[in-house]
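Every number for a ligand or one of its atoms is a count from 1 in the order of the listing. Residue numbers start at 1 and run along the sequence shown. Keep in mind that what you see is a predicted model, and the values were worked out from it rather than measured.
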Amino acid sequence: MAEHLVDLGYEVWGLVRGQANPPVRHLRELRGDVRLIRGDLLDQGSLIAAVERVQPDEVYNLAAISYVPMSWQQAELTGEVTGLGVLRVLEAIRVCSGISASRSPGRGQIRFYQASTSEMFGMVRETPQTEQTPFHPRSPYGVAKVYGHFLTQNYRESYGMYAVSGIMFNHESPRRGTEFLPRKVSLGVAKIKLGYERQLRLGNLTASRDWGFAGDYVRAMQLMLAQDEPADYVIGTGVTHTVETLVDTAFSAAGLNWRDHVVTDAAFIRPAEVDRLCADPSKARDELGWEPKIGFEELVTMMVDADLQLLAAGPHASEEFADAW
Ligand code: F7E
């Protein structure tokens, strides 16, 4: 996101949490032109101070505890960060814009983007999913995101703020965290191909997701803040694949047969699963002129190739910034 905005000529500030935050060094090396400011979604004062200091035209809230299995293990924290964190960012914008909590309307100058998610659809009521499809989240993560989604809508309606949500379906890239399925698979394939490992342990292979390229999705986020009127949009490809197909595609990209290496492990089965997600992105296409450029096979191959290249430096080359789950 930061990279895309810098390329568009934005001055970009990134909010950095915590005392020791290893990805910061990574970001500095990658994009020295992104300025950093300290703040935490759990700390209202720090967010007000950040908005006061930066005086932004636009705020993108992509911050969250976003790994679905973790949201069962730390449900309260997920609610605080992924749910109430949205309230704190909106409040910081409201206060710094001089919008009264008791009087409406008063559209400030700061535009707000909230990263909503297809996980809100959960046990889906219809296929494909649109902006009108009712929500039925299946994890504490999904529930927290529904709170953030409706709160963003409520601040738009209560205060006339330009506050919008993008209902993002799964989006991936070689920079994806290694705990999420596509990166876990691309890294696993690379390790097996290079002879570092023989097996890859996975959970449910029958679930389906609408997987797209993160670089395409950040374009949609920026476009959503550049409209005349604020509105929410579903962002996805409209094509869905099973986990098994993704696994097959990734192993095939390296000339391997997944059946020789994948082992099913109950440790990766979730208490409640989202079985099948598929976006209807026609509103984004018609109103934003947005379309994804990278298809499923190209995405998976890109990720496998990137990990083969990364691990050519040694079996542990991927571990420096990875969260081990
Ligand atoms: O799982 C199945 C798993 O963890 C995808 C987040 O960015 O996208 C992401 O949520 C599927 C699920 O992503 C393993 O059961 C099988 O059906 O890559 P994932 P997610 O849960 O769909 C949405 C849009 C978000 O908002 C989230 O923040 O793959 N699966 N075996 C596995 N998943 C993982 N992680 N690991 C496995 O071993």
Side-chain angles (χ1 to χ4, degrees), residues 1 61-74 78 81-83 85-86 114-124 129 133 135 137-149 165-173 175-189 191 197 199-214 216-218 220-221 234-237 240-251 258 261-279 281 296 299-300 303 322-325:
M1 185 78 223
N61 180 34
L62 311 189
I65 289 179
S66 65
Y67 184 45
V68 173
M70 182 174 164
S71 76
W72 278 282
Q73 294 165 7
Q74 299 187 11
T78 301
V81 174
T82 304
V86 185
Q114 165 61 14
S116 284
T117 165
S118 51
E119 284 293 297
M120 300 188 306
F121 297 124
M123 189 181 282
V124 299
Q129 293 86 48
T133 304
F135 299 141
R138 295 271 284 167
S139 63
Y141 167 77
V143 173
K145 281 285 185 181
V146 170
Y147 174 83
H149 182 83
S165 295
I167 305 178
M168 297 284 153
F169 283 61
N170 298 51
H171 42 290
E172 315 293 328
S173 85
R175 294 180 190 163
R176 180 63 135 154
T178 56
E179 67 274 43
F180 297 96
L181 177 91
R183 185 75 200 289
K184 182 176 173 181
V185 172
S186 65
L187 207 53
V189 166
K191 284 181 179 169
E197 277 174 21
Q199 272 187 356
L200 178 62
R201 305 185 83 79
L202 297 174
N204 177 15
L205 302 183
T206 64
S208 298
R209 291 289 184 276
D210 178 334
W211 277 293
F213 174 52
D216 282 333
Y217 289 41
V218 298
M221 299 180 199
V234 158
I235 305 295
T237 69
T240 187
H241 297 276
T242 62
V243 170
E244 184 180 309
T245 302
L246 184 140
V247 169
D248 185 18
T249 307
F251 275 84
W258 70 272
H261 304 282
V262 171
V263 176
T264 308
D265 185 337
F268 297 108
I269 305 281
R270 301 175 180 188
E273 176 65 283
V274 171
D275 294 323
R276 187 168 187 271
L277 292 171
C278 186
F296 175 76
L299 171 64
V300 175
M303 292 179 71
D323 278 327
W325 274 92

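Side-chain contact between Thr242 and Leu205: absent, with no pair of heavy atoms (C-beta onward) separated by less than 4.5 Å.
For atom 38 (O) of ligand 1, the closest non-hydrogen atom of the protein is Lys184 NZ, 2.7 Å. Distance from atom 7 (O) of ligand 1 to its nearest protein heavy atom, with residue and atom name: Arg176 NH2, 2.9 Å. Looking only at heavy atoms of the protein, atom 23 (C) of ligand 1 is closest to Thr117 OG1, 3.7 Å. Of the protein's non-hydrogen atoms, the one nearest atom 16 (C) of ligand 1 is Asn204 O, 3.2 Å. For atom 11 (C) of ligand 1, the closest non-hydrogen atom of the protein is Val243 CG2, 4.0 Å. Ranking the protein heavy atoms by distance from atom 14 (C) of ligand 1 puts Leu181 CD1, 3.5 Å first. Atom 15 (O) of ligand 1 has as its closest protein heavy atom Glu273 OE2, 2.6 Å.
Among Val247, Ile65, Asn170, the residue whose heavy atom sits closest to atom 13 (O) of ligand 1 is Asn170. Among Arg209, Glu179, His171, the residue whose heavy atom sits closest to atom 35 (N) of ligand 1 is Glu179. Scanning Glu172, Arg183, Arg270 for the heavy atom closest to atom 19 (P) of ligand 1 points to Arg270.
Using a distance-only test at 3.5 Å, with no hydrogens or angles considered, no donor-acceptor pair links the side chain of Lys191 to the main chain of Gln199. Proximity of a side-chain donor or acceptor of Ser71 to a complementary backbone N or O of Tyr141 within less than 3.5 Å is detected. Judged by distance alone, the side chain of Thr117 and the main-chain N or O of Met120 form no donor-acceptor pair under 3.5 Å. Not one N or O on the side chain of Arg138 forms a donor-acceptor pair closer than 3.5 Å with the backbone of Val274. Although no hydrogens or angles enter the test, the distance criterion places a donor-acceptor pair under 3.5 Å between the side chain of Thr82 and the main chain of Ile65. Using a distance-only test at 3.5 Å, with no hydrogens or angles considered, a donor-acceptor pair links the side chain of Thr249 to the main chain of Thr245. Judged purely by atom type and a 3.5 angstrom limit, Ser208 has no side-chain atom pairing as donor or acceptor with the backbone of Thr240.
The closest side-chain donor-acceptor pair between Asp210 and Thr237 falls under 3.5 angstrom.
Neither the backbone nor the side chain of Arg138 comes within contact range of ligand 1; no heavy atom lies under 4.0 Å. Contacts of Leu202 with ligand 1, taken as heavy-atom pairs under 4.0 Å, involve both backbone and side chain. Residue-level proximity to ligand 1 for Phe268 is carried by the side chain, the only part with a heavy atom below 4.0 angstrom. Both the backbone and the side chain of Ser66 come within contact range of ligand 1, each with a heavy atom under 4.0 Å.
By the 6.0 Å and 45° rule, Arg183 does not stack over the aromatic ring of Phe180. Taking the centre and axis of the six-membered ring of Phe135, the NZ or CZ atom of Lys145 falls outside the cone set by 45° and 6.0 Å.
Residue contact check: Val68 has heavy atoms under 4.0 Å from atoms 10 (O), 21 (O) of ligand 1. For ligand 1, the atoms lying closer than 4.0 Å to a non-hydrogen atom of Met168 are 24 (C). Those atoms of ligand 1 with a heavy atom of Ala207 less than 4.0 angstrom away are 17 (O).
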Worksheet item: Do Glu172 and Arg209 pass the salt bridge (Lys or Arg N to Asp or Glu O under 4.0 Å) test, and can you show the C-alpha distance, the side-chain angles, and the key distance before you say yes or no?
Response: CA-CA 12 Å; Glu172 315 293 328; Arg209 291 289 184 276; over 6 Å; no

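Residue contact check for ligand 1: Arg276 places no non-hydrogen atom closer than 4.0 Å to it.
Not a single N or O atom of Pro182, backbone or side chain, sits closer than 3.5 Å to an N or O atom of ligand 1. Where the criterion is an N or O separation shorter than 3.5 Å, residue side chain and backbone included, Trp211 fails it with respect to ligand 1. Between Gly203 and ligand 1, at least one pair of N/O atoms sits closer than 3.5 Å. Residue-to-ligand polar distances keep Ser118 apart from ligand 1: every N/O pair is separated by 3.5 Å or more.
When all heavy atoms of Ile167 and Ser118 are compared, the closest pair comes out as CG2-N, 4.0 Å.
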